[in-house]
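Here is the structure we will look at.
When reading the values below, keep in mind they use all heavy atoms of this one structure, side chains included, and skip hydrogens, waters and symmetry mates. Naming: A, B, ... by sequence-line order, numbering from 1 per chain.
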Number of protein chains: 2
Amino acid sequence: MIIVTAREMQDRFTGILNKIGFTEERALASAAIFTSNSVDGIYTHGVNRFPRFVQYVKDGYIKPDASPSLQNKFGGLEQWNGNLGPGPLNAVNATKTVTNLAQQYGIGCVALSNTNHWMRGGAYGWQAAKAGFVFIGFTNTIANMPAWGATDARLGNNPLVIALPFKNEAIVLDMAMSQYSFGSMELSAMKNELLPVHGGFNKKGALTNDPSAILESRRPIPVGYWKGAGLSLLLDLLATIISGGLATHEISKKEVEYGLSQLFIAIDISKLEKTSTITNTIEKILNDYHQSLPIDDSKKIVYPSEGVIKTRKDNLTNGMQVIKKVWEEILLL
Amino acid sequence: MIIVTAREMQDRFTGILNKIGFTEERALASAAIFTSNSVDGIYTHGVNRFPRFVQYVKDGYIKPDASPSLQNKFGGLEQWNGNLGPGPLNAVNATKTVTNLAQQYGIGCVALSNTNHWMRGGAYGWQAAKAGFVFIGFTNTIANMPAWGATDARLGNNPLVIALPFKNEAIVLDMAMSQYSFGSMELSAMKNELLPVHGGFNKKGALTNDPSAILESRRPIPVGYWKGAGLSLLLDLLATIISGGLATHEISKKEVEYGLSQLFIAIDISKLEKTSTITNTIEKILNDYHQSLPIDDSKKIVYPSEGVIKTRKDNLTNGMQVIKKVWEEILLL
């Protein structure tokens, strides 16, 4: 591990993106997303993923200068074409657009076709919620998970993000439809650790918490088995039909994952309730939740994203622990 | 088991509701929901649940003559008070209202406070989707599931419904956040059957697929463990803050489950795309999905709600198999 500060990371990423065709403004904005994902502790979709993002730009899958364009609009519902621009920039733009729609219509929806991997979906939940909006968003992906009862991957893990504002910060749920990501299973396998719960099937078709066996079979399980499989299918259907973009089965025929479909919904609750009332209601819900009796007294019961603010503060103060090999690879870009 | 026809059921339910204070129109409409839930094969939230619904009316928890009233409105976003009226009638009304909003604004949202159990959430998915709309809806419930890592129930199983129109019918996902309902675990326990996958913890704190052990511990697991627990919490937060209604922790302090908060979102995709284009896109997605290689060749890979239309047809043609004890109890109401 090597310590990298946020400023160092931001500068380095900006410089690299500049070199591969990003304007100064777009390089800064893209670097900021990769950096803040890392600062928030989501290294898998921050620094660790940055080299692949750069490679996809170099390979022409991601167009550094492409911006989304409005295709179709009715009231608070808009269809945008991402024009294969950088996924994070397209998603930031869609989030900004959908919150503007919510301000105007109470609720808004932006469906985005032809975009690219948005990295950490939670980033757009934080963006919308910190601006005062409730947010629901999801993306389709390449097929990486079998339907329930099947052996071959035809479903994406289609992450779903739900967020709401809380005390100038946010509560953000960011969940993929697979119980574990391939990234986290690879990490556990490297460390020779078992998964805490079943993560998929082994080659013999038995449920297992051995990450190596699941990596070998390529059969991760959906969250809640048939339920998460169903939810994954429905999210793909919605993102695809509303955006008019590509479905998981079409994306999966490409050489790499690009040209995704995404949906962004925002609700402007300030039109209905005072912020103080909302904050008070949330505090009471969290207060009850935190009174849960833990199985293990040393483990606090936390809500989704509860630890992020502390991680963010620590990482901004002390710098981040980055895998040495990853950072060295980045220094060569 | 005893055979009951849909017409017989509808007549019987209407008569009973008439007797306990429903106007003819509202008795017919409520009876139609309980009957069609049963016709669709969802007996747990149709005929089997009807006696408890009647009891709650008699006990004064459900007000037979109460209708929802508009509290607050901004563009496509509306807040309604259910005034403790019958949950299914309130939900039908909210669904009709939200699809009207979607027609006007492209996307609409109705948040409903102070309502009652909507029975089968999928019913409103079918309603909206058959009318041509994409639908997302959810409800909170009484606490019936521990947070992940906890032993005491502080989360609801908060069913989530997602639906879309397909060939004058619909594709409807209707999933509670617990892996199994208490109802289905009781059924398995009665039949001395094990659950196909882990459904919760036993009293010793080990994951188990023995339904009796879970009924004893009262520790069902959320779908996807920590993920479904997080999703359940977020759905409760959203339903509560947007409707201004009660949260799971407040409902759980009451003597029975009433006064719920619900959210209904509808999108009018006909404003963006031709129906023929949408149908074609869906067909291609389902076609790929159906090509999944099954683990067991005798088991077809089906999408959520795929079997409903056949069940509906069978039940309308041949009548329904109703548990004799349940029907006898209904005949005495």
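- The contact between B:Leu293 and chain A is made by backbone and side chain atoms together, counting heavy-atom distances below 4.5 Å.
- Of the two parts of A:Ile241, the backbone and the side chain both hold a non-hydrogen atom closer than 4.5 Å to a non-hydrogen atom of chain B.
- Using a 4.5 Å cut-off between heavy atoms, A:Gln291 touches chain B through backbone and side chain atoms alike.
- In this structure, the portions of A:Ile282 lying under 4.5 Å from any heavy atom of chain B include both its backbone and its side chain.
- When heavy atoms are compared at a cutoff of 4.5 Å, A:Ile221 does not approach chain B at all.
- Atom CD1 of residue A:Ile265 and atom CD1 of residue B:Ile107 lie 4.5 Å apart, to the nearest 0.5 angstrom.
- Considering CG of A:Leu77 and CD1 of B:Ile269, their distance stands at 9.5 Å, rounded to 0.5 Å.
- Judged purely by atom type and a 3.5 angstrom limit, B:Asp152 has no side-chain atom pairing as donor or acceptor with the backbone of A:Ser292.
- If you measure heavy-atom distances from A:Ala111 to chain B, you find no contacts under 4.5 Å at all.
- Looking at B:Ser178, the atoms closer than 4.5 Å to chain A (heavy atoms on both sides) all sit in the backbone: N, CA, C or O.
- Contacts between A:Asp268 and chain B at a heavy-atom distance below 4.5 Å involve the backbone alone (N, CA, C, O).
- With values rounded to the nearest 0.5 angstrom, A:Ile285 atom CD1 is found 4.5 Å from B:Leu237 atom CG.
- In terms of heavy-atom pairs under 4.5 Å with chain B, the best-connected choice from A:Val134, A:Leu234, A:Thr281 is A:Leu234.
- Only the side chain of A:Glu273 comes within contact range of chain B, with heavy atoms under 4.5 Å apart.
- The backbone N or O of B:Leu272 sits less than 3.5 Å from a side-chain atom of A:Asn72, completing a donor-acceptor pair.
- Neither the backbone nor the side chain of B:Glu306 comes within contact range of chain A, judged by heavy atoms closer than 4.5 Å.
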Verdict with supporting geometry, B:Trp148 and A:Ile301, side chain to side chain contact (heavy atoms under 4.5 Å, CB included) | CA-CA 7 Å; B:Trp148 185 246; A:Ile301 306 296; over 6 Å; no
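- Neither the backbone nor the side chain of A:Lys300 comes within contact range of chain B; no heavy atoms are under 4.5 Å apart.
- Interface residue B:Ala176: backbone and side-chain heavy atoms are both found under 4.5 Å from chain A.
- Atoms NE2 and OH, from B:His249 and A:Tyr289 in turn, are 14.0 Å apart once rounded to the nearest 0.5 Å.
- Neither the backbone nor the side chain of B:Pro146 comes within contact range of chain A, judged by heavy atoms closer than 4.5 Å.
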Determine, step by step, whether B:Met177 and A:Lys227 satisfy the side chain to side chain contact (heavy atoms under 4.5 Å, CB included) criterion, reporting the C-alpha distance in whole Å, the side-chain angles of both residues, the deciding distance to 0.1 Å, and the verdict.
-> CA-CA 9 Å; B:Met177 293 301 132; A:Lys227 290 189 169 188; over 6 Å; no
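- Of the atoms belonging to A:Thr248, not a single heavy atom falls under 4.5 Å from chain B.
- Side-chain atoms of A:Leu173 and B:Leu233, non-hydrogen and from C-beta on, never get closer than 4.5 Å to each other.
- In this structure, the separation between OG on A:Ser252 and CG on B:Asp288 is 7.5 Å, given to the nearest 0.5 Å.
- Most heavy-atom pairs under 4.5 Å with chain A: of the set B:Tyr180, B:Phe201, B:Tyr303, this distinction falls to B:Tyr180.
- Using a 4.5 Å cut-off between heavy atoms, A:Leu101 does not touch chain B at all.
- Residue with the most contacts toward chain B among A:Thr240, A:Ile171, A:Leu238: A:Leu238 (heavy-atom pairs, distance under 4.5 Å).
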